[in-house]
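Below you'll find the structure, written out as C-alpha cells, and then a few comments.
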Amino acid sequence: MRTDAARPVRLEDYRPPDWLVETVDLDVALDPSATRVRATLRLTPNPQAAAPAPVVLDGDGLTLTGLKLDGAALAPAHFAATPDRLTIAQPPNRPFRLEVETVIDPSANTQLMGLYRSRGTYCTQCEPEGFRRITYFPDRPDVMAVFTTRIEAPKAQAPVLLANGNLVQSGDVAGTDRHFAVWHDPFPKPSYLFALVGGELACVEDGLRTASGREVTLRIYVEPGKQGRCAYAMDSLKRAMRWDEEAFGREYDLDIFMIVAVSDFNMGAMENKGLNVFNDKYVLATPETATDADFANIEAIIAHEYFHNWTGNRITCRDWFQLCLKEGLTVFRDQEFSADQRSRPVERINDVRGLRAHQFVEDAGPLAHPVRPALYHEINNFYTATVYEKGAEVVRSLKVLLGPDGFRRGMDLFFARHDGTAATVDDFIACFADATGTDLGQFMRWYSQAGTPELAVTGSFDARAGTYRLDVAQTVPPTPGQPVKEPMVIPLALGLVGRDGRDLPLVTADGRQLERGVATISEAAQRLEFVGIAERPVLSLNRGFSAPIKVSANISAEDLSFLAARDPDPFNRWQAVQTLATAVLVENVAALRAGRAERADDGFLAAIAAILADTTLEPAFVAAAITLPSEADIARDIGRDVDPDAILAARAALRATIGRRFAAVLDELHGRLADSGPYSPDAASAGRRTLKNACLDLMAATGAASAVALAARQYAAADNMTDRMAALATLSLLDVAERAAALDDFYRRFEDDPLVIDKWFSLQATIPQAATLDRVRALTAHPKFSAANPNRVRALVGAFAHGNQTQFNRPDGAGFAFVVDTVLALDARNPQVAARLLSAFKSWRVLEAGRRACAEAALKRVAAVDTLSRDVKDIAQRSLAGD
Ligand SMILES: [Zn+2]
C-alpha cells in the first residue's frame with residue numbers, strides 16, 4: 001500500500017534532490033512469481049542541495065532482501081526499510097555505492113505498473129512512478145542516471161531479453177538452462193524511462209541510415225504469428241524518423257530502436273529510451289482487421305513515441321508538474337507530422353474536434369486544471385486532455401504568435417541549451433523569448449490558468465470612412481480553485497473576406513499590414529481597426545483555430561453560409577457549417593423539450609448543398625463538413641440543464657433531413673467513391689472511404705429500406721475493415737433485423753482476434769437505445785471479455801461511459817450505477833483504469849436536475865468507500881468538490 005502522508009504534492013514545494021545517481025547497474029533474474037532485482041547505485045551528494053542529507057529512496061510494495069554500502073552489508077541499525085521507503089539516516093558525505101536487493105512478483109502485479117506479465121511476456125511500465133515497484137530508487141524525473149541492465153531468464157521461458165540502449169553482451173549461463181543479456185544505455189535518463197522485456201517474441205527487422213550516415217537497426221517485437229501485421233507500424237516509424245530530421249533537425253542517437261507490442265497495457269504506448277512498449281492495438285494492423293482510423297492512429301502514436309526521444313528523453317521534465325513540457329510539445333509534433341503526411345486542413349479539423357470533445361468539456365467541469373497544474377494528489381490522474389491536447393494547442397499558439405522562423409529558432413535554442421537535462425516549462429518558454437526578443441511573461445498564463453478563454457467580438461463596417469472595426473472582449477471563466485482570471489495573450493488569426501471570396505488587405509490606421517494576418521489580443525477589452533475597406537466584408541475569426549478559445553461574434557447566418565462556401569481558410573469553412581448546424585440543433589433541442597415544431601434551416605442546408613457541389617474539395621474535407629456536431633458537442637454548447645435524449649432526437653432528425661434532402665447526391669457519391677483497386681491505407685484513399693461511408697450513414701438515417709439494404713450489402717461485400725465496420729455502425733443505429741444478423745456474422749468472423757472483438761464490444765455499448773445497458777451487462781460475462789485486460793474494459797464499459805450519451809446518462813440513473821459498480825470492482829485490481837473510467841462523470845453538473853441528482857448519488861457512493869485507491873478517491877472527491 002502507498003502512504004498518503006506526503007500528499008498533496010505542490011509545485012511550489014519543489015527542491016532539488018539531495019542525492020544524485022550517476023550510474024545504475026541492474027541485475028534482474030526473471031521468475032514468474034519471484035523475480036530477484038539487484039540494483040547497484042552510484043550515489044553522489046548533489047552540490048546544489050544542502051549536505052549532509054539522509055538518503056531516502058522511494059518504494060511501492062517492496063520487500064528488501066539485501067543491502068550493502070561500498071560492498072559491506074549494512075547493519076539494521078543504519079537503515080530503515082518499509083514497503084514504500086528505504087532510508088539511510090546518516091550516509092557518508094561522499095560518493096558511495098549502494099547495492100539494493102529486492103524480490104518482486106510480476107504475476108501478481110495486476111496494476112500493470114512496474115514489472116508485470118502480459119500473456120507470459122515480462123514487461124515494464126514505469127511512468128510516472130512504476131520504477132519504485134521494481135527497486136528502491138529516488139524515483140523522480142530530475143534524477144538522471146546511466147543505466148546498465150543485465151537480464152537473466154530460463155531460455156525456454158524468455159528467449160528474447162531486451163532493455164534500453166545497445167546490446168553489449170549476451171550468452172548462456174554455463175551449466176544451466178538459463179541465458180542472459182546485458183544492455184547499456186549511454187544517455188543519462190530518469191527512472192520512468194527504464195524498460196525491460198522478456199518473453200517469447202517474434203521480430204520484424206528493418207533499418208535506416210540517419211542524416212549523418214549512421215546505420216540504425218529497427219525492430220518490432222510481437223507475439224509469434226503476428227509479424228505480418230507490423231508493416232504499417234514499421235513504415236510509419238521510418239517516416240517519423242526522417243521527418244524529425246527534416247522538420248526539427250533531430251536525429252536518432254542509439255544503434256538500435258525497438259518497439260514491443262503487448263496486449264495488456266494501461267496506456268497507448270510508452271517512450272522508454274530505445275525500447276518503446278506499445279499497446280498492441282497501436283502496432284498491429286491489416287486491411288481486414290484495422291480501419292483507416294486505426295492506421296492513422298498507429299502512424300500518429302508510433303511517431304509520437306519516437307519524437308519523445310528528443311522531447312521527453314534527451315530533454316526530460318524536472319518534475320511531474322512539467323508533464324506538458326514533454327506531452328503537449330510532443331503531441332504538437334505528432335500533429336504536425338500527421339498534417340505533413342496527410343491533409344493539413346482535415347487533420348486540423350480532426351484535432352480540434354477531439355480537443356473540443358474532451359478538453360473543452362474537462363475545462364468546463366469539476367476536473368478542470370491548468371496545463372501545468374500547481375498541485376496534485378495522484379499524478380496518474382493528470383495524463384489528461386488538458387495536459388496533452390491543450391498543451392499542444394498552447395505550443396501551436398506560440399508558433400502562430402512568433403511565426404514559423406521565430407518558432408524554429410526557439411526550438412533550436414531549447415535543444416541546444418537543455419539537451420541532457422531535466423527542464424521546466426519556464427526554461428522552454430525562455431528559449432523562445434531569448435531567441436526572438438519577445439516578452440512572453442503574460443503568455444505563461446496559458447500554463448497557469450485553467451478554463452477556456454472566451455472572446456466576444458463585434459465587427460462594424462463604416463462605409464463612409466472605409467474602415468472595419470473589431471471590438472474584442474476577453475474573459476476566462478472561473479474554475480476550481482481559480483475564481484478570478486487575468487487576460488491571456490491570444491494570437492487571433494483573422495480575415496476580412498470580400499464579396500469575390502478573396503481576403504482584403506488588413507491595413508491598420510498607421511498604414512501597416514497586419515503581419516501574417518494575426519492580431520494579438522492581450523487585454524480584457526481591445527479595439528482593432530482596419531482602413532481602406534471599400535465594401536462590407538465578411539469576418540473570419542480564429543482561422544486555423546489559432547488559439548484554443550471559444551469565439552462568439554455578430555456574424556449573421558447569411559454570412560456564415562457565405563463563409564461555408566467561400567472562406568479561403570478551409571478550417572473556417574468547416575467551422576461555418578458547424579456553427580450553422582449547432583444553431584439549428586440547439587434551437588431544435590429546445591423546441592423538442594417544449595413540444596414545439598422543429599426548424600429545418602435552409603441556411604444550413606444551403607451550406608451543405610454548397611459543400612456537396614464543390615468538386616474542388618477533397619473528399620475527407622467534405623465528409624467532415626457534412627458530419628453534424630456530436631451529441632457531446634451539442635451538450636457542451638447548451639451548457640446547462642442538458643437533456644441527452646432531446647439532443648439525440650434533434651440530431652437524428654436533422655441527419656434524416658439531410659439524408660432525404662440530398663438522397664440522390666449522396667447515393668451517387670456513395671457509388672462513385674467505391675474503391676476500384678486493392679485496399680490502401682493512404683490518406684487520399686481513406687478520405688474517399690470516409691466520405692462514402694458518411695453518405696451511407698446519412699442515407700440510412702432516413703430509415704429508408706433501400707439504404708438499409710445498401711448498408712447490409714456493403715457489410716457483406718467489404719474487403720476491408722473500414723467499409724465493413726462503417727456499414728455495421730450504420731446498421732447498429734437502426735432497429736432492423738439486418739443489425740442482429742450483421743453483429744452475429746461479425747463475431748463469427750473475428751472471434752479469435754481480440755482487437756477486432758473490441759470493436760464488436762464498443763459498437764454494442766454505444767447503441768443509443770434503452771436495451772443497451774442490459775446488453776452491456778450481459779457482455780461483461782461474455783467469454784471474450786476480461787476485466788483484467790484494459791483494452792477489453794475500455795472497449796465495453798469505457799465506450800458505454802464515455803461514448804453513449806443517452807444510456808450512460810439514463811434518467812433512471814441505472815447507467816451511472818453500472819459504471820460505478822464497475823469502477824469499484826476494478827479499483828483493487830487496476831486503479832489507473834478504474835479512475836479513468838470514473839472520469840466519465842466529468843460533465844455531470846451540466847445535466848438536467850433529475851439526472852444530475854442520480855449522478856451525484858452515484859459519485860457519493862464511490863466517495864463513501866473507505867478502501868479506495870488514491871487514483872479513484874482523487875477523481876471522486878474532485879468531481880464532487882464545491883457541493
Ligand atoms: Zn507522450
Side-chain angles (χ1 to χ4, degrees), residues 228-229 231-232 281 284-299 342-343 346 350 612 618-627 655 659 662-663 665-702 704-734 736-751 753 755-764 766-767 795 799:
R229 300 187 179 197
Y232 194 73
K281 73 181 282 195
L284 305 174
T286 65
E288 296 75 32
T289 60
T291 62
D292 291 329
D294 294 327
F295 279 97
N297 278 333
I298 287 170
E299 179 181 85
R342 294 166 176 264
S343 156
V346 172
N350 289 339
L612 285 171
E618 55 183 324
F621 180 89
V622 176
I626 66 171
T627 301
R655 285 170 66 238
F662 300 104
V665 184
L666 296 170
D667 189 45
E668 189 272 329
L669 262 177
H670 183 269
R672 180 151 53 85
L673 291 162
D675 284 333
S676 49
Y679 174 91
S680 160
D682 69 273
S685 307
R688 284 194 297 277
R689 283 186 290 272
T690 308
L691 179 54
K692 178 182 70 176
N693 290 321
C695 293
L696 176 67
D697 199 51
L698 288 169
M699 285 189 281
T702 64
S706 60
V708 175
L710 183 61
R713 277 204 307 280
Q714 178 174 318
Y715 171 83
D719 69 349
N720 64 80
M721 181 54 79
T722 304
D723 286 340
R724 192 183 305 282
M725 196 67 207
L728 187 61
T730 291
L731 289 172
S732 79
L733 297 176
L734 303 164
V736 292
E738 287 87 343
R739 170 169 74 186
L743 280 168
D744 288 348
D745 176 83
F746 192 86
Y747 180 77
R748 279 195 304 276
R749 277 175 196 264
F750 299 108
E751 62 179 320
D753 192 322
L755 293 177
V756 182
I757 291 304
D758 281 348
K759 298 180 191 303
W760 182 78
F761 280 133
S762 290
L763 196 60
Q764 295 178 82
T766 49
I767 295 174

Pair N693, T722 - check side chain to side chain contact (heavy atoms under 4.5 Å, CB included), show working.
CA-CA 9 Å; N693 290 321; T722 304; 4.2 Å; yes

For a side-chain contact (heavy atoms from CB on, under 4.5 Å) with M699, tell me which candidate from T730, L669, L666 qualifies.
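Among the candidates, only L666 passes.
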
Under 3.5 Å, is there a donor on one side chain and an acceptor on the other for D723 and Y679?
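Looking only at side-chain atoms, Y679 and D723 do not form any donor-acceptor pair under 3.5 Å.
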
Taking the side chain as everything from C-beta on, heavy atoms only, tell me whether [X] gets closer than 4.5 Å to [Y].
X: M721; Y: F750; value: yes
X: F746; Y: R724; value: yes
X: E288; Y: N720; value: no
X: I757; Y: D753; value: no
X: D294; Y: K759; value: yes
X: Q714; Y: L696; value: yes
X: V346; Y: E618; value: yes
X: L698; Y: F662; value: no

How far apart are the closest heavy atoms of [X] and [Y], and which atoms are they?
X: G687; Y: P619; value: O-CB, 3.6 Å
X: S685; Y: S680; value: CB-O, 3.4 Å
X: A694; Y: T627; value: CB-OG1, 4.5 Å
X: L731; Y: A742; value: CD1-CB, 4.0 Å
X: L733; Y: R739; value: C-NH1, 4.4 Å
X: A285; Y: A290; value: CB-CB, 3.7 Å

Report the residues that fulfil salt bridge (charged side-chain N to carboxylate O under 4.0 Å, His left out) with D667, sequence neighbours left out, ordered by chain and then residue number.
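If we apply the salt bridge (charged side-chain N to carboxylate O under 4.0 Å, His left out) test to D667, skipping adjacent residues, there are no hits.
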
Would you mind checking if [Y] and [X] are paired as a salt bridge, meaning a charged N to carboxylate O distance below 4.0 Å?
X: R342; Y: D682; answer: no
X: R689; Y: D675; answer: yes
X: R749; Y: D745; answer: yes
X: D697; Y: K692; answer: no

Working to the nearest 0.5 angstrom, can you tell me the gap between D292 CG and T690 OG1?
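With rounding to 0.5 Å, CG (D292) is 6.0 Å from OG1 (T690).
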
Atom CE in M725, atom OG in S762: separation rounded to 0.5 Å?
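Reported value, rounded in 0.5 Å steps: 7.5 Å.
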
Once you measure the plane-to-plane angle for Y232 and F295, does it fall in the parallel (<30°), tilted (30-60°) or perpendicular (>60°) bin?
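Correct class here is perpendicular.
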
